[in-house]
Structure formats: structure tokens, C-alpha cells
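So the structure is just underneath, and the comments pick up after that.
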Amino acid sequence: MSLKAIVYVRNPPSLEILNQLLLPHETVYESVTTVQQGYEQIKQMKVRGAPAIGIVAALSLVIDLQLKLQTFNKNPNALDSDILNMMNSPLLLGNFIRDSLDHLNQSRPTAVNLFRTSDILWKATSSGIKKDLGTKQIIESLVDMAEQMLFDDLKDNNNIGKYGVEFILRNGDKRISVVTHCNTGSLATSGYGTALGIIRHLYAQGNLLRAYYTETRPYNQGSRLTSYELLHDKIPSTLICDSMVSALLASNKMDHKIAAIIVGADRVAKNGDTANKIGTYQLAITAKYHNVMFIVAAPSTSIDLKIKNGRDITIEERNEDEVVFVNGLIKQDDTEKYQIKKVRVPPQGVKVWNPSFDVTPAELITAIVTEKGVVEKEKGAKEFDLEKFLMSQ
Ligand code: MRU
């Protein structure tokens, strides 16, 4: 079992992505050498989770550039003339980077991390061009930045875990059970995780009775990926269907007593409205009804101050096949390899709606845990002031 979704090496340059479509049964890493391959990995959800998407976009661009630079240095004649010209011209290199980032931005529309990464890399490129840097220097500055993103994400997740646990335990039981949704762990980030990072931290400190996690239809991030991570770490955990959460909160058996529902985020608007995996909104409603804390755990890079509230967040709609078919993995007779087997459930001709995310209104969120600290609403307020929070850091 491997919990590393992204394996990047600077020298010699290499990028490998764990194909999450084959988890939990097979651990297969796929090599990414071009922007287009990075785009496909994200689009097909072989890698997913807001932070991981942003990091893979950045790394697929830099790996593409590093490999071109390597060939340019060793054997320029092997490059086709367009690439050769580009390696000699910061302006042409800038055009390639701009087009690549635009393309990567088309892969998935909801998580802000992808767009933020693109902005950062593009600003660095245009400032390099303005400063008359050579193509090698521009590429190396982007490589440094992408590596830093990978490193910072892991550090931020550890801090989210620490702040989240302090907040959740601040004036209640010291042995608690929690519910989580989707997969927000090592597989969705550069390591450790956000909401799942809080659960890891609770467990490490001896504060966790049990983590309940939803299967998270239709893509089953919970039953395939969160299960994989929790079993890997031997964290006491129980899988439930998405429709069982209210019944769980209403039940009061010892380790069924839930102190908090903890989820991740794909984009948090300035007022705290939060886009996250479809099904999150209904969890927040049931948490409110049952007087259970509803915690959003996300790096500050998931906060989008340009978006005033959740109405302005674009929600990705995915292919109806994800709803219509149940995927399993079967071994082929003649090989040891697994293959994805799709089984159709509803009859032909059904109409399907498949939004991949929903927006939970700030009003239903108890607190937003970031690597910089925990944000709460001011007394009596229905919304968060995330601009004020970020400015005060
Ligand atoms: O469609 P996915 O699997 O990319 O959706 C993932 C989620 O919704 C996560 O909760 C979110 O990206 C946070 S991951 C740390």
C-alpha cells in the first residue's frame, strides 16, 4: 500500500502519479512527462483532491519544461524547430507556459487551487521575462516554486491537524468519534491531509474513539480511498453509506456519539460559503439539527477572496456514467492484472444529474480550520470574514 499520490524527483526529473482509479486493489504509478499527460491525470480523476490537483498541474508543467531543457542542453538537434526556438526565446517560452496553464485550468473547474497555482506560475514567468531572465533561469524559478508548493502543502496539513484538534477538543470530551466525507487525506494532498489530517492527529494523540466515513457516491472516494488510508494507519474506523449519517447522529451508542463532522473544501468564498464534494451540504444540515460541530478543514490557499459568496462558485458536472455504473475491479483470467469492471444499475434511458460538488452556506459551518489558525464567525454573524482573518495573519 502506498499513500503517496505524487512522487516527484528534481534530478533526474521525474514525476509519477498514483492511479487512484485502481485503488484500493492495485498500486500503479503512471509516469507524467508532459502537460497533456498531467491534464489527463487530473481530468480522469486518477489524481484528485483540491490541493493535489493544483500541485500536479504545477509539476506537470515543470517536468515538461525540465525535460525539454535537458534535451536542449544535451542534444538540441533532437528537438523540433518550434521547441528549439522556444528554448532560445523567453517570449516564446512565456507563450508556451501561458497556453499550458490555460489548458490545465480547463481540467476541473471547482477547486480554486488549480487556478491559484496557475496565477502564481504565470506571474513568476512574466516577471522573469520583464527582468530579462534567460529561458533556463525562468524554468528553474518555476521548478523551485512547484517544489515549494509540494513541501508547503505537507507542512500546512500538519498545522491544520494540530489547530483542528485543539479547537474540537477545547471544551468537550477528550475521547471522541467523528464523521468525514470524501477523501481529504494523503491521497488528496502532498501528504497527511486536511480533514483526514485532523483525524490522524486525533488518533495520534489518543483522542479518537472512531472515525466514521461515508462511501461518497458516485465516485466512492470514501469507500475506496479513505478506507485505504484509515486501514493503512490502523485508525479505528467504520464505513457508512451517505444516507446513514443522520441515523448515526441520532444514535447514542458509545462510539456512535459524534462530536464533529469534519470535511475538506475545494473553494471557500470570502464569506465562508464552501464548495466541497457533493453531499457535504446535507451533512451540514444534519449536523445543525443534531447540534454537532461542522468543521471545514482547508489550507488558506483554498480561500478565494475574489468570490463573495457560494453562488459564484462554478460547480463541475461530470459524466452520467459515474452515477449509472458501479465500478469494481476484477482480475483478468489470464493475467494477474486488475481491470475496471462497470456494472449498470438503472435501466437504459434514465435521466441523470451528476454535480460533483455542492455549496454549504457559511451559516451551517461552525469553524474553518486553516494552517494559519481557526476562523469562527463573530457573535451573531451568519457569515465569516475571511478577508479580515487573512489580513490579520
Ligand atoms: O472530486 P474530488 O475527489 O477531487 O473531490 C475532492 C473533495 O471534494 C475534497 O473534499 C476536497 O478537494 C479537499 S481534499 C483535501
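Because the structure is a prediction, the values reported are computed rather than measured. Values reported hereafter were calculated over all heavy atoms of this structure, with side chains retained and with hydrogens, waters and symmetry mates removed. Read the numbers this way: they start at 1 and go in the same order the structure lists the ligands and their atoms.
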What protein heavy atom sits nearest atom 13 (C) of ligand 1, and how far off is it? A265 O, 3.4 Å

Using side chain to side chain contact (heavy atoms under 4.5 Å, CB included), reason through L21 and N327 one step at a time and then give a plain yes or no. CA-CA 10 Å; L21 296 175; N327 288 347; over 6 Å; no

Measure the distance from atom 14 (S) of ligand 1 to every protein heavy atom, then report the residue, atom name and distance (to 0.1 Å) of the closest one. A188 CB, 3.7 Å

Within a distance under 4.0 Å of any heavy atom of C182, pick out the atoms of ligand 1 and give their elements. 5 (O), 6 (C), 7 (C), 8 (O)

Can R170 be said to sit on top of F167's aromatic six-ring, NZ or CZ under 6.0 Å from centre and within 45° of the ring axis? yes

Quick one: does N276 get an N or O within less than 3.5 Å of an N or O on ligand 1? yes

Looking only at protein heavy atoms, identify the closest one to atom 15 (C) of ligand 1 and say how far it is in Å. T194 OG1, 3.3 Å

Any A111 heavy atom less than 4.0 Å to ligand 1: no

At under 4.0 Å between heavy atoms, which part of H181 makes contact with ligand 1: side chain, backbone, both or neither? neither

Under 4.5 Å between any side-chain heavy atoms of Y39 and Q106, yes or no? yes

If we only count N/O pairs under 3.5 Å, is T184 in contact with ligand 1? no

Any ion pair linking R10 and D144 (charged N to carboxylate O, less than 4.0 Å)? yes

Atom 11 (C) of ligand 1: which protein heavy atom is closest, and how many Å away? D266 OD1, 3.2 Å

Qualifying residue, where the test is side-chain contact (heavy atoms from CB on, under 4.5 Å) with R48 and the options are K277, Q20, Q41: Q20

Close approach, M45 and ligand 1, non-hydrogen under 4.0 angstrom: yes

For L187, is there any backbone N or O sitting under 3.5 Å from a side-chain donor or acceptor partner on E229? yes

Here the atoms of ligand 1 under 4.0 Å from any heavy atom belonging to K277 are 1 (O), 2 (P), 5 (O), 8 (O)

Option among V263, T238, L248 that satisfies the side-chain contact (heavy atoms from CB on, under 4.5 Å) test with V179: L248

How about CG on N73, more than 12 heavy atoms from neighbouring residues, nucleotides or ligands closer than 6.0 Å, or not? yes

Among all the protein's non-hydrogen atoms, which is closest to atom 12 (O) of ligand 1, and how far away is it? A50 N, 2.8 Å

What I want to find out is whether R318 reaches E316 closely enough, with some N-O distance under 4.0 Å, to be called a salt bridge. yes

Nitrogen or oxygen atoms of R48 and ligand 1 under 3.5 Å apart: yes

Answer yes or no: is there an ion pair linking K306 with D119, defined by an N-O contact shorter than 4.0 Å? yes

Tell me whether Y219 reaches ligand 1 (any heavy atom closer than 4.0 angstrom to a ligand atom). no

With atoms numbered from 1 as shown, which atoms in ligand 1 lie under 4.0 angstrom from a non-hydrogen atom of Q221? 1 (O), 2 (P), 3 (O)

Under 4.0 Å to a heavy atom of R108 - the qualifying atoms of ligand 1, by number: 1 (O), 2 (P), 4 (O)

